[in-house]
Amino acid sequence: MKRFYTLVAAALLCMTAVAQDNITLSTYSGTDVSRYVDKTVNVTVFRYVFNGWNTLSLPFDMSEEQLNEFFGSDCILEKLAGVENDGNGIKLNFQNCKEEGLKANVPYILKFNGESTTKKIKVSDVVIDGGEPSVTYTVANTGESVTFAAANEKTDSKGLYGILAKDNQDASFVNVDDITTGFYATRCYVKVSSGNSTYLTSNHINSGDASSINDVVRANERVNVYNVSGALVSSSASLEDVANLTKGIYVIKGKTVLVK
């Protein structure tokens, strides 16, 4: 009998352990995943997506195949690759990155081509990442910093930019001071150091359009570097000079180059 109770207790412990490894992430108020960081778990996420551009950040990786499964093979995933002053405001240069999959705690924009609906994302054996979902770039010439970040919990929208449902066909980030609902968890926003009165535009770059520096600039070569609007950024720049530029998208010898 004692052995029977021991076996029952062991079974109950195993069942508890399995239950603890299955989590559901709230996309409204957010979920504290701190106790699951670096652990392998099964995750369920119910996330509403609009037809058009949405923002998305999750604390675990998803492959291209999984993105296609949940959002359709024609979905587009882009990350912020650089920013620049285009004369009218700040241009956000987003680059297609679906081939590399969604990485944990990276803010993205996602184009969904289906009917607006709630998607059930259910993935098994993923590792929870405890990193900060944020990336920051500096605008050349003005020195303004632009941060693209995600809300881990429901966040006040005061002073920030977001994509409104009515503007999401163009991935337009606009002033959201008057949006009282704020940002729900897993959504992303833009913050500019000078406030949210600057006009923002979004530029989309295909994954194969940006070359690496070494593919374009040879050792001991001097080149002129332009931003994507055609303005000269640096003249007679060496390979080292180019590598030390503020990370972002540039045009060198007629080719788009991504400086990481």
Side-chain angles (χ1 to χ4, degrees), residues 25-33 45-59 71 75-95 102 105-119 121 131-205 229 248:
L25 296 184
S26 168
T27 56
Y28 176 75
S29 59
T31 302
D32 182 7
V33 296
V45 182
F46 293 92
R47 171 59 200 270
Y48 192 86
V49 287
F50 291 96
N51 173 270
W53 288 101
N54 301 263
T55 60
L56 178 66
S57 183
L58 297 169
F71 302 110
C75 73
I76 301 172
L77 187 73
E78 295 183 353
K79 62 184 177 183
L80 187 62
V83 298
E84 62 182 290
N85 187 318
D86 65 359
N88 297 313
I90 296 175
K91 181 183 290 185
L92 307 172
N93 291 311
F94 289 99
Q95 185 178 25
L102 179 148
N105 286 321
V106 174
Y108 294 97
I109 58 174
L110 170 78
K111 189 172 187 183
F112 175 63
N113 292 300
E115 183 178 347
S116 299
T117 186
T118 297
K119 286 288 183 180
I121 304 169
E132 186 67 26
S134 174
V135 59
T136 299
Y137 292 92
T138 300
V139 181
N141 304 325
T142 70
E144 291 175 287
S145 65
V146 178
T147 298
F148 187 38
N152 284 328
E153 58 187 16
K154 193 171 182 295
T155 302
D156 184 11
S157 60
K158 186 73 173 178
L160 304 176
Y161 295 86
I163 295 180
L164 300 179
K166 64 180 181 180
D167 299 315
N168 74 337
Q169 294 301 322
D170 298 318
S172 300
F173 282 85
V174 297
N175 181 316
V176 287
D177 277 346
D178 297 330
I179 306 302
T180 57
T181 54
F183 288 95
Y184 296 140
T186 74
R187 278 76 169 179
C188 307
Y189 56 84
V190 171
K191 182 177 182 179
V192 179
S193 59
S194 58
N196 62 345
S197 60
T198 302
Y199 179 64
L200 301 185
T201 57
S202 296
N203 180 43
H204 304 284
I205 302 169
S229 297

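Just so it is clear, the structure is predicted and the values come from calculations on it, not from any experiment.
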State, with a plain yes or no, whether a side-chain heavy atom of Val146 is found less than 4.5 Å away from one of Val190. yes
Donor-acceptor side-chain pairing of Thr136 and Thr147 below 3.5 angstrom: yes
Closest non-hydrogen atom pair, Ala151 against Tyr184: CB-O, 3.8 Å
Take Val106 and Val135 through the side-chain contact (heavy atoms from CB on, under 4.5 Å) test and state the conclusion after the steps. CA-CA 8 Å; Val106 174; Val135 59; over 6 Å; no
Go through the steps for Val174 and Asp167 under the test side-chain contact (heavy atoms from CB on, under 4.5 Å), then give the verdict. CA-CA 9 Å; Val174 297; Asp167 299 315; 4.0 Å; yes
Backbone N or O of Leu160 within a donor-acceptor pair of the Ser157 side chain at under 3.5 Å? no
Could you measure the distance from the CG atom of Leu92 to the CD atom of Glu84? Nearest 0.5 Å is fine. 9.5 Å
Assess the residue pair Leu164 and Ile179 against the criterion (side-chain contact (heavy atoms from CB on, under 4.5 Å)); give the C-alpha distance rounded to whole Å, side-chain angles, the decisive distance to 0.1 Å, and a yes or no. CA-CA 9 Å; Leu164 300 179; Ile179 306 302; 3.9 Å; yes
One should read off an interatomic distance between Arg187 CZ and Ile163 CD1, to the nearest 0.5 angstrom, of 12.0 Å
Is a donor on one side and an acceptor on the other found under 3.5 Å between the side chain of Ser193 and the backbone of Ser145? yes
Between Asn105 and Pro59, which heavy-atom pair has the shortest distance, and what is it? OD1-CA, 3.7 Å
With a 3.5 Å distance limit and no angle check, can you tell me whether Thr55 reaches the backbone of Cys188 through a side-chain donor-acceptor pair? yes
Compare every heavy atom of Ile109 with every heavy atom of Ala171, then report the nearest pair and how far apart it is. CB-CD1, 4.3 Å
Please report the interatomic distance OH(Tyr48) to NZ(Lys119), rounded to the nearest 0.5 Å. 11.5 Å
Can you name the closest pair of heavy atoms from Leu80 and Tyr137 and give their distance? O-OH, 2.9 Å
Indicate whether the side chain of Thr186 and that of Arg47 have a donor and an acceptor atom separated by less than 3.5 Å. yes
Above 12 or not: heavy atoms from other molecules or residues under 6.0 Å from OH of Tyr199? no
How about Asn51 and Gln169: does a side-chain donor come under 3.5 Å of a side-chain acceptor? yes
Residues pairing under ring pair (Phe, Tyr, Trp, His ring centres under 6.0 Å) where one sits in residues 155-178, two or more places apart or in two chains, turn out to be Phe148-Phe173
If we count only N and O atoms by modelled type, under 3.5 Å, do the side chains of Glu144 and Ser194 hold a donor and an acceptor together? yes
Of all heavy-atom pairs linking Asn113 and Lys111, the shortest is OD1-CE, 3.7 Å
So, the side chain of Thr155 versus the backbone of Glu153: is there a donor-acceptor pair under 3.5 Å, distance only? yes
Any heavy-atom pair between the side chains of Phe71 and Val49 that's under 4.5 Å? yes
Look only at the side chain of Asn54 and the backbone of Phe50, and say whether a donor-acceptor pair between them is shorter than 3.5 Å. yes
Output for pair (Ile90 CD1, Thr142 OG1), nearest 0.5 Å, gives 6.0 Å
Rounded to the nearest 0.5 Å, what separation is found between the CD atom of Glu78 and the CG atom of Leu56? 13.5 Å
Lys154 atom NZ, neighbour heavy-atom count above 12 within 6.0 Å: yes
For the pair Asn196 (side chain) and Asn175 (backbone), establish whether a donor and an acceptor sit closer than 3.5 Å, ignoring hydrogens and angles. no
Rounded to the nearest 0.5 Å, what separation is found between the CH2 atom of Trp53 and the OG atom of Ser172? 11.5 Å
Backbone N or O of Ala185 within a donor-acceptor pair of the Thr27 side chain at under 3.5 Å? no
